[in-house]
Amino acid sequence: MPDAFPIERLKKRADFLACAKAPACARGAVLVQARSRDEAALVRAGFTATRRIGGAVERSRAKRRMREAARLLLPHHARPGFDYVFIARGGATKRPWDRLLDDVKSALIRLAADIEAPSVEASPPPSAGPRPPT
RNA sequence: UCAGACGGCCGGGCGGUCGCGGGCCCGAAAGGGUUCGAGGAAAGUCCGGGCUCCACGACGGCAUGGCGGCGGGUAACGCCCGCCGGGGGUGACCCCAGGGAUAGCGCCACAGAAAGGAAACCGCCCUCGUUUCGGCGAGGGUAAGGGUGAAAGGGUGCGGUAAGAGCGCACCGGGCCGCUGGUGACAGGGGCCGCAUGGCAAGCCCCGCUAGGAGCAAGACCGAAUAGGGAUUCCGCGUUCCGGUUCGCCGGGACAGGGCCGCCGCCGGCCCAGGGAUCCGGGUAGGUCGCGAGAACCGUCCCGCGAGGGCCGGUCCAGAGGAAUGACCGCCGCGUUCCCGCAAGGGGGCGGCACAGAACCCGGCUUACAGGCCGUCUGAUCUU
């Protein structure tokens with residue numbers, strides 16, 4: 001099992017705006033943004049569904065599904081000290097659950113790889129990096 | 001049995017694993033336990049209230065918005081119930097923006113001769129002239145008929161007439177005035193008036209009633225960083241008059257200017273009016289409250305035709321704040337589809353399976369809604 005680190009919800013509008021300029025990765029029905037905070041080993045996650053998704057029912061469902069996916073996958077694939085924002089895209093409510101999990105997982109892995117690659121000295125790697133999917 | 005009218009209700013169920021938000025309990029904490037956790041429309045934000053802050057000086061006038069048969073219900077309503085009137089339907093029932101059109105202005109397209117104190121296109125009738133005896137022309141009468149139109153100046157019948165016409169009469173319609181019944185809207189009946197006086201008020205308008213404004217991002221409290229307010233002080237300080245003066249200005253009086261209280265009038269009230277330094281209080285980010293025991297819900301009984309009201313007993317029923325009610329699995333139900341079967345039926349696949357997510361709270365209205373259930377009634381048809 002990976003390292004245990006606390007996961008909190010992102011609630012301030014300013015945090016969301018800051019993440020909007022961070023690197024992002026779109027996979028299937030979701031778009032994930034990741035932003036480094038250079039702080040304690042804490043992961044924060046926020047969820048957004050715009051009006052383009054549909055009415056209130058559709059938007060709530062999209063957020064709940066993304067939240068459930070994040071609950072299952074973040075402990076394995078998140079980097080401590082990062083804020084993640086999940087943005088629902090078209091079809092986020094209709095996509096089969098397995099496919100939605102794959103979308104989120106591959107997006108998280110891709111973001112982790114991008115963080116690792118370009119600047120090595122940016123942040124000292126923790127004891128164990130994100131585990132590749134098995 | 002079929003077709004239909006009206007009213008009411010439900011709107012997936014059970015179980016398991018992992019999670020989420022609130023309350024309570026245990027614990028030093030980490031955490032654990034327990035319990036509750038979306039709708040009939042939570043929606044649109046269209047009305048009415050509660051609650052909160054602001055504005056609230058009185059009088060007169062003006063302006064603006066809303067409502068509009070009558071009587072009830074209600075905290076209130078533009079809602080609901082009952083009734084009246086009009087219209088539709090064989091019927092159960094349904095529909096009505098339902099005050100005033102002899103207070104006034106305005107409009108009535110197209111067609112039509114004429115669209116509101118009317119009008120002669122085709123007709124009809126009379127007189128005169130003319131005639132090739134078919135008619136034709138001129139003058140006049142006439143709104144019964146044709147034609148136009150959404151609508152043609154009451155309708156039908158009889159009389160009357162040259163032909164016609166409320167010209168006369170009867171009935172219906174209309175207006176005015178009593179009477180009777182009804183709380184009332186109205187209804188019934190009587191007398192008088194032959195009766196130019198259509199429609200649109202959802203064009204303006206008139207009448208009556210009624211109405212402050214904004215909204216929980218209301219508002220209250222606690223409160224960082226940075227930029228703006230109050231007190232003191234220094235410099236400065238409109239016009240004019242008087243006095244003083246160390247010529248820097250100072251003191252007193254009068255007059256002003258701008259803005260606000262919906263507008264106007266009138267009296268009235270309030271606020272503002274330069275720059276620098278020192279000190280002190282507000283507000284923003286953020287946090288806490290507001291934030292759910294109520295015009296509450298359930299049940300018996302009583303009053304009322306009904307909307308609804310009352311007594312008693314019982315229940316506690318979401319409170320988030322980037323916003324909790326979710327993910328997956330099994331069985332059943334539902335829909336759809338395929339296979340086997342003569343049939344009854346059996347088996348399988350697919351489908352998060354109607355509309356839709358609380359955001360201060362209630363009462364309504366409106367709109368959306370797969371499928372299904374119950375009750376009352378009507379019209380046919382069949383059987384007895």
Side-chain angles (χ1 to χ4, degrees):
Chain A
M1 271 293 121
D3 296 343
F5 45 81
I7 299 176
E8 289 187 355
R9 289 294 296 281
L10 212 57
K11 292 186 174 179
K12 296 286 171 4
R13 176 173 167 78
D15 291 331
F16 280 84
L17 292 178
C19 287
K21 286 175 280 190
C25 178
R27 284 284 190 279
V30 296
L31 184 145
V32 183
Q33 299 169 335
R35 167 175 169 265
S36 170
R37 269 182 298 105
D38 294 330
E39 266 186 46
L42 172 73
V43 166
R44 299 194 302 176
F47 305 91
T48 294
T50 65
R51 280 201 159 271
R52 280 184 48 198
I53 299 300
V57 175
E58 302 264 312
R59 297 171 65 196
S60 291
R61 178 174 295 283
K63 286 191 192 178
R64 284 167 181 159
R65 302 188 89 206
M66 290 192 299
R67 201 175 60 218
E68 179 68 11
R71 186 175 71 84
L72 295 174
L73 296 173
L74 276 182
H76 300 269
H77 301 285
R79 296 292 304 267
F82 273 72
D83 284 349
Y84 291 91
V85 170
F86 297 79
I87 300 173
R89 306 172 77 200
T93 58
K94 298 286 186 190
R95 201 156 172 85
W97 177 241
D98 295 343
R99 304 293 306 280
L100 190 67
L101 284 179
D102 288 344
D103 292 342
V104 172
K105 185 188 283 183
S106 67
L108 287 175
I109 290 169
R110 176 59 192 269
L111 285 168
D114 285 352
I115 293 162
E116 204 79 26
S119 58
V120 182
E121 78 286 359
S123 63
S127 57
R131 189 162 296 179
T134 55

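What you are looking at is a predicted structure, and each value in this text was computed from that prediction instead of being measured. Order of the sequence lines fixes the chain letters, A, B, ..., with proteins taken first and strands second; residue numbering starts at 1 for each chain.
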**Student:** Measuring from atom CD1 of Ile109(A) to atom NE2 of His76(A), what distance do you get when rounded to the nearest 0.5 angstrom?
**Tutor:** 11.5 Å
**Student:** If pairing requires Watson-Crick or G-U wobble contacts with both distances under 3.5 Å, which nucleotide is the partner of C355(B)?
**Tutor:** G39(B)
**Student:** Nearest 0.5 Å, please: how far is CZ in Arg44(A) from CZ in Arg35(A)?
**Tutor:** 7.5 Å
**Student:** Which label fits G134(B), syn or anti, where anti is any glycosidic angle not within 90° of 0?
**Tutor:** syn
**Student:** Report the residue (Arg67(A) or Thr48(A)) whose heavy-atom-nearest nucleotide on RNA chain B is the more 5′ of the two.
**Tutor:** Thr48(A)
**Student:** How about Arg110(A): does its CZ atom have over 12 heavy atoms from other parts shown lying under 6.0 Å from it?
**Tutor:** no
**Student:** Would you mind reading off the distance between Arg59(A) atom CZ and A356(B) atom C1', rounded to a whole angstrom?
**Tutor:** 15 Å
**Student:** With the 4.5 Å side-chain cut-off for hydrophobic clustering, are Ile53(A) and Phe16(A) part of the same group?
**Tutor:** no
**Student:** When rounded to the nearest 0.5 angstrom, what distance separates CG in Leu111(A) from CZ in Phe82(A)?
**Tutor:** 9.0 Å
**Student:** How close or far is atom P of G21(B) from atom CZ of Phe47(A), stated in whole angstroms?
**Tutor:** 12 Å
**Student:** Could you pull out the protein-nucleic contacts involving nucleotides 349-353 of chain B (nitrogen or oxygen on both sides, under 3.5 Å)?
**Tutor:**
residue, atom, partner, partner atom, Å
G352(B), O6, Arg65(A), NE, 3.1
G352(B), O6, Arg65(A), NH2, 2.8
G352(B), N1, Arg65(A), NH2, 3.4
G352(B), N2, Thr93(A), O, 3.2

**Student:** What is the pairing partner of G31(B), taking Watson-Crick or G-U wobble pairs with both distances under 3.5 Å in any strand?
**Tutor:** C26(B)
**Student:** Give every pair of a protein N or O atom and an N or O atom of nucleotides 40-43 of chain B that lie under 3.5 Å apart, one pair per line with the distance.
**Tutor:**
none

**Student:** Listed by chain and number, what are the salt bridge (charged side-chain N to carboxylate O under 4.0 Å, His left out) partners of Arg99(A), not counting sequence neighbours?
**Tutor:** none
**Student:** I want to verify a distance call: between G357(B), C18(B), G322(B), whose nearest atom is closest to the Phe16(A) side chain?
**Tutor:** G322(B)
**Student:** Could you tell me whether G48(B) is syn or anti, where syn means a glycosidic angle within 90 degrees of zero?
**Tutor:** anti
**Student:** Please tell me which of the listed nucleotides, U325(B), G322(B), A327(B), lies nearest to the side chain of Glu68(A)?
**Tutor:** A327(B)
**Student:** Please enumerate all residues that pass side chain to side chain donor-acceptor pair (under 3.5 Å) together with Thr50(A), with sequence neighbours excluded.
**Tutor:** none
**Student:** According to salt bridge (charged side-chain N to carboxylate O under 4.0 Å, His left out), who are the partners of Arg65(A), at least two apart in sequence or on a separate chain?
**Tutor:** none
**Student:** Going from NZ on Lys63(A) to CE on Met66(A), what distance comes out if it is rounded to the nearest 0.5 angstrom?
**Tutor:** 8.0 Å
**Student:** Given that both distances must come in under 3.5 Å, which nucleotide forms a Watson-Crick or G-U wobble pair with A187(B)?
**Tutor:** U180(B)
**Student:** What is the glycosidic conformation of G135(B): syn, defined as within 90° of 0, or anti?
**Tutor:** anti
**Student:** For C209(B), give the paired nucleotide (Watson-Crick: N1-N3 plus N6-O4 or O6-N4; G-U: N1-O2 and O6-N3; both under 3.5 Å), or none.
**Tutor:** G66(B)
**Student:** Mind checking who C124(B) pairs with, Watson-Crick or G-U wobble, both distances under 3.5 Å?
**Tutor:** G141(B)
**Student:** Return whichever of Glu58(A) or Ala49(A) has its heavy-atom-nearest nucleotide of RNA chain B closer to the 5' end.
**Tutor:** Ala49(A)
**Student:** Pick out the pairs of N or O atoms, protein on one side and nucleotides 335-337 of chain B on the other, that lie under 3.5 Å.
**Tutor:**
none

**Student:** Pick one for G40(B): is it syn, with its angle within 90° of 0, or anti?
**Tutor:** syn
**Student:** Using the side-chain contact (heavy atoms from CB on, under 4.5 Å) criterion, which residues pair with Ala24(A)? Sequence neighbours excluded.
**Tutor:** Leu31(A), Gln33(A)
**Student:** Could you work out, with salt bridge (charged side-chain N to carboxylate O under 4.0 Å, His left out) as the rule, every residue matching Arg59(A), not counting sequence neighbours?
**Tutor:** none
**Student:** Strictly below 4.0 Å, heavy-atom distances to any atom of RNA chain B: list the hits from residues 24-31 of chain A, or just say none.
**Tutor:** none
**Student:** Starting at atom CG of Leu72(A), determine the distance to atom C1' of C328(B), rounded to an integer number of angstrom.
**Tutor:** 10 Å
**Student:** Could you pull out all residues at least two apart from Arg95(A) that satisfy salt bridge (charged side-chain N to carboxylate O under 4.0 Å, His left out)?
**Tutor:** Asp103(A)
**Student:** Could you tell me which nucleotide pairs with U1(B) by Watson-Crick or G-U wobble geometry, both distances under 3.5 Å, or answer none if nothing does?
**Tutor:** A380(B)
**Student:** Report yes if at least one side-chain N or O of Arg64(A) is closer than 4.0 Å to OP1 or OP2 of U325(B); otherwise report no.
**Tutor:** yes
**Student:** What is the base-pairing partner of C279(B), counting Watson-Crick and G-U wobble geometry with both distances under 3.5 Å?
**Tutor:** G230(B)
**Student:** Is G229(B) syn or anti, taking syn as a glycosidic angle within 90° of 0?
**Tutor:** anti
**Student:** Using the ring-ring contact (aromatic ring centres under 6.0 Å, His included) rule, collect all pairs that involve residues 90-112 of chain A, keeping only residues at least two apart or in two chains.
**Tutor:** none
**Student:** Can you sort out the partners of Phe47(A) under ring-ring contact (aromatic ring centres under 6.0 Å, His included), two or more places apart, ordered by chain and number?
**Tutor:** Phe86(A)
**Student:** Return the nucleotide paired to C249(B): Watson-Crick means purine N1 to pyrimidine N3 with N6-O4 or O6-N4, wobble means G-U with N1-O2 and O6-N3, both under 3.5 Å.
**Tutor:** G244(B)
